[in-house]
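Read the structure below first, then the notes.
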Amino acid sequence: MTGKGCGMTEKERATKGLLRRSITLVTGIYIVIMLLARSGGIVEGAECSGDDIRYLFEFARDIIDARFSKQHASTLIRYENGEEWLSSRDLPREVVVRLWRNGRDISSACTEGATVFEAVRKASEELVGLLKKREDSDRWIEEGRLSLYLISARTPLPNATISVLQDRFEPGIHGFTIEHGNDTVTHLNSFAVVHNLSLEKIIERVCLRKWGRSFRWNTSQITFSLLTISHFIESSPRGEPVRLMRDLTHLNPSDLTMEGMRTAVNSAVGWYGEIQKREGLFWYQYLPSLRRYIADDNMVRQAGACYGLAQAARIFGDEKARACATKAIDCLLESIEYLDRAENKAFIKTEDQGKLGVTALTLLAMSELALEDRYAPYMEKMANAILSLQKTNGSMATYFLNRRRQGSSDYYPGEAMLAIIRLYRLNHDERYIAFLKRAFPYYSAYWRSNKNTAFVPWQSSAMSGLYQVTGDRQYADFVFEMNDWIIEYQLDESTAPYPDYVGGYSKGGGEPGNSSASYTEGMVDAYYLAKVLGDTEREGRYRKSLRDAAAFLLNLQYDDIDTFYLPRSQTNKVVGAFKQSPSGSAVRIDYTQHAITALARIYEVLGGKWE
C-alpha cells in the first residue's frame, strides 16, 4: 500500500501506510459522527466501524468476482451470517459503488436497500452489468480500485434559491440530487473537489447535460436535496479500504508523528524534482481539475521554493533537496544586476522594478545551504543592496529600481529582515544588527495600527533571530504579541465545523487554506522563544497549535491514494504536493514551500519528538 510516505521504499510505505490506515479506520466512527452532527445530518444510533466497511468491500468484490467466475466466487456463502449481522445495524441504506481505473470510473446509480447489505448487493450487481458491456472488463476488475459512497442523510431544500443552497452546501462533504418532473440526477460529494467547481457551476452543468440549453432554473419546478456522504476507497486494487474526507486521506492530530512529518517533506521534495524544468526553475501551478499546468509564473514564489528546499536540505540532510535548490538558485543568479558601478550592491532582476522579495528569498536560500565559498560573494553584495533600501524612518523600499513604488509591506520587509539576521549568523557584520534595530520601531508600530495575518510569520522569524543575537526582550515580546493575536484565529476541535478544518487558520470564519502553513512558520519561532524564556503557559499552547497545524497541512498533501481520479500520466504532477485548501484541488509551488518550511522547522525546533 502506498501513502503519504511516498519517498520511502515500497515495503516501508506499505508498513507505515497500513498502520496509518488501520488507525484511520478504527477512529472512523468518531469522524463520521462528528462530521454528520455538525452538518445536521446524523442518524441516531449510526455506526460505521472499520470492520463494517472492510466487510462491505469484501462483499462487493466477491459479487463482482462471482459474476465473472473469478477465484473468490466460492466465498459468497460466508456472507449468509454476515448479512444478518449487518442488517441488524443502523448503517446508511443508500450507496453508490464505483470502480476507478486510470482516472476514469464505472459507477452504479444511487441505490437504496432495506439494509446497507442489500443496497451494496444491488449496486454491485448494477456495476457488474455495466462491466459486462465492456471488452476490457477483466482489466477494470484487476487494475481498478473499488469505491463506496454511503449516503447518511438526505435533506430536502424546497424552494431554495442558489444563495440559500450555497450557504448549506459544503464542497466535498455534500452531494446533491435534483428532481425535475420524473427525472432525478444525483451528484456525489467527489464532484465539487475533483472538478474544483462552485455549487452554481455544478448545477449549471448538471441541468445542461440532463435537460439541455432550454432548461431554466426555477425553484418551483425542481426539488433540491443535499446528501451527506461518507466516501471509502481501496488503497490499491483489492487493498485495505481507506476513508477519504473531501477525497483526501485524513489524519487526526493525535495520530501525528514526527516520522510522518519527515516522510511528508521527503515526498514534497520528490514532487519538486518532478516539476523542475531543465533550466532550473519550476512549473508554477497545476490544476488537477483541468489536467494541465497554467501559463503563469511568480518569481518571488520561485525564490521561495528554493528557500523551502534549502531548509529541507539543511534540517534533514536531504541531498535531493540540495541539488534541486542549487539548480534553481543558479538559474536565478543568471538574472543578477547591480545598483552601482563598483558592482557592490546586487539584486535579482526578474521583472522591471526588481522586487525585494525575490532577492531576499534567494539570499535566505543560499544562507541555508552553507555553501559559503560558492555563494559568499553574491550574499554580501545582495545584503548591501537590501541595506541600501532602508529609509531614515527605518522602513524599507520594496523595489530596487523604483524606490517610490511601495508594495507588499506585509511580506517583503519581513523576508528581507529574516535574510539579514540569518546572514549575520554567518559573518557577524554589525551593520546588519544596526539595520534591524532601526527597522523595528517602524514595523512594530506599523503592525499595531494595521494588524493583519500576512505580516506575522516573516516578522516573527526575523524578530526571534534578533532576540537570540541581542538578548533584548522587546523583540521576543513582539513575537509573543503577534502570535497571541493570530492564534485566536486557529480552529480547534471545539470551533472547527468539520474535522479537516482542525488546525487551520480562519480569520473570516470560512474555510482555512494553505496560508495556515505560513502562520505556522511564525508560531514555530514563538514556541522556541517561549521554551527558551521558560514561559510554560505559552509553550504548551503554542505546541498544541503546532501539532494541530501540522496535521491540517498533512491533510492537504496528495499521496498515491488521493490521485484515484487522475490518469497515471498525471499523478507525478501532484503526488507529494500540498494543495490550496480542503476543497480546493490546485497545487502551486508556494503552497508546498510553506508546508515544507513549517513541517521542517517544527521537526527541528522540537528535536524530532513531541514530548
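When atom types are taken as modelled, the side chain of S581 and the backbone of P512 share no donor-acceptor pair closer than 3.5 angstrom. Using modelled atom types, no side-chain atom of D590 and backbone atom of Q593 make a donor-acceptor pair closer than 3.5 Å. S461 contributes no side-chain N or O that, together with a main-chain N or O of W458, makes up a donor-acceptor pair within less than 3.5 Å. A side-chain donor-acceptor contact under 3.5 Å links N452 to the backbone of F455. T592 places a side-chain N or O within 3.5 Å of a backbone atom of F578 that can act as its donor or acceptor partner.
Residues A268 and Q557 approach most closely at N-NE2, 3.9 Å, considering heavy atoms. Residue I386 comes nearest to A360 through the heavy atom pair CD1-CA, 4.3 Å, listed as atom of the first residue, atom of the second, then distance. Across A476 and L533, no two heavy atoms sit closer than the pair CB-CD1, 3.9 Å. When all heavy atoms of Y338 and A346 are compared, the closest pair comes out as CE2-CB, 3.7 Å. Scanning all heavy atoms of the two residues, the minimum distance from A530 to E539 falls at CB-N, 3.7 Å. Listed here is the closest heavy atom pair of D492 and S494: OD1-OG, 2.7 Å.
Residues passing the side chain to side chain contact (heavy atoms under 4.5 Å, CB included) test with S464, sequence neighbours excluded: Q468, D525, Y528, L529. Residues forming a side chain to side chain contact (heavy atoms under 4.5 Å, CB included) with N384 (at least two apart in sequence, or on another chain): N344, K345, E380, R431.
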### Query
Where do Q474 and Y467 land on the side-chain hydrogen bond (donor to acceptor under 3.5 Å, both in side chains) test, with the steps shown first?
CA-CA 8 Å; Q474 65 174 326; Y467 167 76; over 6 Å; no
### Message
For a side-chain hydrogen bond (donor to acceptor under 3.5 Å, both in side chains) check, start with the C-alpha distance between D296 and Q285, then their side-chain angles and the critical distance, and finish with the verdict.
### Response
CA-CA 8 Å; D296 196 6; Q285 184 172 15; over 6 Å; no
### Message
Pair Q276, Y272 - check side-chain hydrogen bond (donor to acceptor under 3.5 Å, both in side chains), show working.
### Response
CA-CA 6 Å; Q276 190 165 34; Y272 273 117; over 6 Å; no
### Step-by-step side-chain contact (heavy atoms from CB on, under 4.5 Å) determination, I433 to L466
CA-CA 8 Å; I433 299 301; L466 187 56; 4.1 Å; yes
### Task
Would you check, one step at a time, whether the test ring-ring contact (aromatic ring centres under 6.0 Å, His included) holds for F316 with Y603?
CA-CA 9 Å; F316 298 118; Y603 189 96; 4.9 Å; yes
### Message
Evaluate M258 against I602 for side-chain contact (heavy atoms from CB on, under 4.5 Å), listing each step before the verdict.
### Response
CA-CA 9 Å; M258 284 290 180; I602 291 172; 4.2 Å; yes
### Message
Quick one, T398 with K355, criterion side-chain contact (heavy atoms from CB on, under 4.5 Å). Give me CA distance, side-chain angles, the key distance, then yes/no.
### Response
CA-CA 6 Å; T398 54; K355 289 180 182 176; over 6 Å; no
### Query
Where do Y558 and S585 land on the side-chain contact (heavy atoms from CB on, under 4.5 Å) test, with the steps shown first?
CA-CA 9 Å; Y558 284 104; S585 61; 3.3 Å; yes
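T249 OG1 to D562 CG: the interatomic distance, rounded to the nearest 0.5 Å, is 4.0 Å. Atoms NZ and SG, from K327 and C306 in turn, are 12.0 Å apart once rounded to the nearest 0.5 Å. Note that CZ of R588 is 8.5 Å distant from CG of N514, once rounded to the nearest 0.5 Å. Put simply, CG on L356 and CG on L361 are 8.5 Å apart, with the number rounded to the nearest 0.5 Å. Once rounded to the nearest 0.5 Å, the distance linking OG1 of T520 with CD of Q490 reads 6.5 Å. To the nearest 0.5 Å, atom CG of residue N483 and atom CD1 of residue I487 are 7.5 Å apart.
Relative orientation of the Y443 and Y446 rings is perpendicular, given thresholds of 30° and 60° on the angle between their planes. Using cut-offs of 30° and 60° for the angle between ring planes, the F440 and Y475 rings count as perpendicular. Classification of the F347-F400 ring pair by plane angle, with boundaries at 30° and 60°, yields parallel.
Between Y505 and the choices Y489, Y519, F552, the ring-ring contact (aromatic ring centres under 6.0 Å, His included) rule is met once, by Y519.
A salt bridge links D330 with R374: at least one charged nitrogen is closer than 4.0 Å to a carboxylate oxygen. The residues K544 and E493 are annotated as salt-bridged, a charged nitrogen and a carboxylate oxygen being separated by less than 4.0 angstrom. We find that K437 and E430 are not joined by a salt bridge, their nearest charged nitrogen and carboxylate oxygen being 4.0 Å or further apart. A salt bridge links E604 with R601: the closest approach of a Lys/Arg side-chain nitrogen to an acidic carboxylate oxygen falls below 4.0 angstrom.
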